[in-house]
Protein chains: 2
Amino acid sequence: MSLTQALLGLLAVEPASGYDLTKEFERDLGRYAWQAGHTSVYPELVRMAERGLVEVTQEGPRGRRTYSVTAEGREELRKWLLAPWGQGVVRNEQVLRMFLLEALEPEEAATALRGVVEYAERGANALRAHREHREVEPPEGRDVLGQLAAEYGLRQFQAMRDWALWALDHLNQRRKD
Amino acid sequence: MSLTQALLGLLAVEPASGYDLTKEFERDLGRYAWQAGHTSVYPELVRMAERGLVEVTQEGPRGRRTYSVTAEGREELRKWLLAPWGQGVVRNEQVLRMFLLEALEPEEAATALRGVVEYAERGANALRAHREHREVEPPEGRDVLGQLAAEYGLRQFQAMRDWALWALDHLNQRRKD
DNA sequence: CACTACATGTAAACTGTTACATGATTCA
DNA sequence: TGAATCATGTAACAGTTTACATGTAGTG
């Protein structure tokens with residue numbers, strides 16, 4: 001289960017509580033890589049602690065428990081990160097929708113594709129603004145992951161926009177035949 | 001559940017059996033958009049038929065049943081495709097791994113990132129070869145979806161490569177500080 | 001006739017989501 | 001002191017994967 005690896009990776013960068021980790025999934029990670037709610041995170045942390053991959057290293061107010069990765073956990077993470085690349089789990093509702101626009105009538109498909117272009121441009125612009133703001137205030141600690149995600153997201157949106165423009169062109173070509 | 005929409009979309013392009021649909025998930029769709037095994041597909045088709053979204057329009061050898069979308073199913077698909085875009089389900093093990101490389105020691109992270117660059121280049125090259133081959137033999141029917149996927153995949157791999165090169169550069173910058 | 005690909009299914013185990021539930025701290 | 005945020009959890013349900021199971025048609 002990749003949730004284990006995701007938590008291991010986040011905790012390896014910096015110790016955190018289940019609450020912190022959940023917020024991470026709501027932000028960058030959940031946008032481009034992996035989603036998980038707090039109802040998955042908390043029980044998983046308990047299971048991982050039982051397996052010796054993480055441990056509670058601090059307790060704070062409101063029952064807050066800060067987890068850290070153990071040496072064993074770090075080794076497991078390392079193995080996963082350095083393993084050969086194969087076809088992993090992929091599930092992307094937006095991409096699914098993009099592909100299935102094919103099933104619409106050409107007129108409607110074109111309208112929808114123009115919507116994709118707009119959506120991708122909005123996304124890219126927001127990230128470019130975010131990038132400029134970051135040049136003023138450089139990130140630190142866990143925010144570095146946010147930067148990795150933002151840079152990936154920017155390229156992702158550009159790819160989406162390019163694809164939609166190509167698909168529009170392709171659609172027009174076919175309508176002429 | 002997006003499996004319903006995925007099946008609806010595939011069947012809207014062309015009627016197919018559960019077996020055919022499963023193969024589609026193993027190929028292009030499962031690579032970039034959505035994965036599903038035959039043990040999900042068959043029961044789902046039965047449920048969808050009960051709801052009146054699809055119907056068996058042909059029976060062939062070996063118990064083969066070809067499903068087609070009903071008018072009701074087509075309408076449901078259309079609604080889903082034309083709905084406003086929001087944050088859909090996202091789950092991508094490769095992207096998760098890319099982001100978490102941050103947790104490795106800089107040396108190892110750099111090695112892994114160079115691996116990402118290579119992987120993305122291999123993927124892009126394979127798709128470019130596929131594209132040239134397609135110029136000789138233009139696709140038809142369901143293969144059009146394969147073409148949409150291939151063009152998306154190509155841009156995806158390019159984005160991945162660009163990101164990994166940026167991340168390598170970024171890593172070197174931080175090592176100097 | 002053997003092998004491969006076609007073709008469909010069930011059941012148990014596992015994973016993830018939604019709804020429900022509770023209480024503490026901080027800040028205006 | 002009221003509201004927002006912090007912080008954690010359980011239980012029922014929904015969805016997915018893995019293992020098991022079976023049989024047919026075509027091809028060399």
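Remember, it's a predicted structure, so these values are computed and weren't measured experimentally.
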Just to confirm, is there a sub-4.0 Å distance from OP1 or OP2 of [N] to any side-chain nitrogen or oxygen of [X]?
{"X": "Y19(B)", "N": "dT8(C)", "value": "no"}
{"X": "Y42(B)", "N": "dT8(C)", "value": "yes"}
{"X": "R91(A)", "N": "dG15(D)", "value": "no"}

d([atom1], [X]; [atom2], [N]) in whole Å:
{"X": "M1(B)", "N": "dT18(C)", "atom1": "CE", "atom2": "C1'", "value": "16 Å"}
{"X": "R65(A)", "N": "dA24(C)", "atom1": "CZ", "atom2": "P", "value": "15 Å"}
{"X": "K23(B)", "N": "dT4(C)", "atom1": "NZ", "atom2": "P", "value": "17 Å"}
{"X": "F25(A)", "N": "dA7(D)", "atom1": "CZ", "atom2": "C1'", "value": "17 Å"}
{"X": "E24(B)", "N": "dC6(C)", "atom1": "CD", "atom2": "P", "value": "14 Å"}
{"X": "Y67(A)", "N": "dG9(D)", "atom1": "OH", "atom2": "C1'", "value": "11 Å"}
{"X": "L3(A)", "N": "dT17(C)", "atom1": "CG", "atom2": "C1'", "value": "13 Å"}
{"X": "E44(A)", "N": "dG16(C)", "atom1": "CD", "atom2": "P", "value": "8 Å"}

For S17(B) and for T39(A), locate the closest nucleotide of DNA chain C by heavy-atom distance; then report the residue assigned to the nucleotide nearer the 5' terminus. S17(B)
Say whether [X] and [Y], considering side chains only, have a donor N or O and an acceptor N or O under 3.5 Å apart.
{"X": "T4(A)", "Y": "E44(A)", "answer": "yes"}
{"X": "R128(A)", "Y": "N125(A)", "answer": "yes"}
{"X": "Q58(B)", "Y": "Y67(B)", "answer": "no"}
{"X": "S68(B)", "Y": "E55(B)", "answer": "no"}

Around atom CD of Q87(B), are there more than 12 heavy atoms from other residues, nucleotides or ligands closer than 6.0 Å? yes
Are the side chain of E72(B) and the backbone of L53(B) linked by a donor-acceptor contact shorter than 3.5 Å? no
Nearest-nucleotide pick for S40(A), side chain only, options being dT17(C), dT10(C), dC6(D): dT17(C)
Of the listed nucleotides dT17(C), dG9(C), dT17(D), the one nearest the side chain of H38(B): dG9(C)
Residue-level proximity of residues 52-64 of chain A to DNA chain C when a heavy atom falls under 4.0 Å: P61(A), R62(A)
To the nearest 0.5 angstrom, please state how far the CH2 atom of W80(A) sits from the CZ atom of R97(B). 6.0 Å
